[in-house]
Amino acid sequence: GPLLLGTSERSYDAAVKALEIGDQIGYERMIAQGEVWIEQEKAKALVLEGGWTRVQVRILEGDRIGEAGWLPVSEVQASQP
């Protein structure tokens, strides 16, 4: 399904909070300002930096190829060579 990515951990957290509290306007402003975006399908990505709860990835295919974004560790799946 659709996946939310943030340009920073802070942006990702703020977008999740906006959605949790029903701040649709704040969430839409973050999308309009390019702080977060939605990946409609799982895309191949390279993990750039990892943490306990989130990782930063570089998108390797699709419309946002080359972009880096943060998302939950739980959304990352290792690919088999």
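Shortest non-hydrogen contact noted between Ala68 and Leu48 is CB-CD1, 4.1 Å. The shortest heavy-atom contact between Val57 and Ala45 is CB-CB, 3.8 Å. Nearest heavy-atom pair, Val73 versus Arg54, reported as atom, atom and distance to 0.1 Å: CG2-N, 3.5 Å. The shortest non-hydrogen separation linking Ala43 to Ile59 is CB-CG2, 4.3 Å. Taking every heavy atom of both residues into account, Leu4 and Val36 meet most closely at CD1-CB, 3.9 Å.
Side chain of Arg58 to backbone of Gly66: a donor-acceptor contact under 3.5 angstrom is found. Within the 3.5 Å criterion, the main-chain N or O of Lys44 finds a donor-acceptor partner in the side chain of Glu61.
In this structure, CG in Leu19 is found 5.0 Å from OH in Tyr27, a value given to the nearest 0.5 Å. Interatomic distance, OG1 of Thr53 versus CG of Leu71, reported as 10.5 Å (0.5 Å rounding). With rounding to the nearest 0.5 Å, the separation of CD in Glu67 from CG in Leu60 is 12.5 Å. From Trp70, atom CH2 reaches atom CZ of Arg10 across 14.5 Å, with rounding to the nearest 0.5 Å. For the atom pair OH (Tyr12) and CD (Glu35), the distance works out to 15.0 Å, reported to the nearest 0.5 Å.
Under the 4.5 Å side-chain heavy-atom criterion for Ile, Leu, Val, Met, Phe, Trp and Tyr, Trp37 and Val16 are members of distinct hydrophobic clusters.
Crowding of Leu46 atom CG: a count of heavy atoms from other residues, nucleotides or ligands under 6.0 Å exceeding 12. Atom NZ of Lys42 has more than 12 neighbouring heavy atoms from other residues, nucleotides or ligands inside a 6.0 Å radius. No more than 12 heavy-atom neighbours from other residues, nucleotides or ligands sit within 6.0 angstrom of CD on Gln77.
Contact of the Pro2 side chain with the Glu39 side chain is not registered, since no non-hydrogen atoms from C-beta on lie closer than 4.5 Å.
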Leu5 and Ile38: CA distance, side-chain angles, deciding distance, side chain to side chain contact (heavy atoms under 4.5 Å, CB included) verdict: CA-CA 6 Å; Leu5 289 98; Ile38 303 291; over 6 Å; no

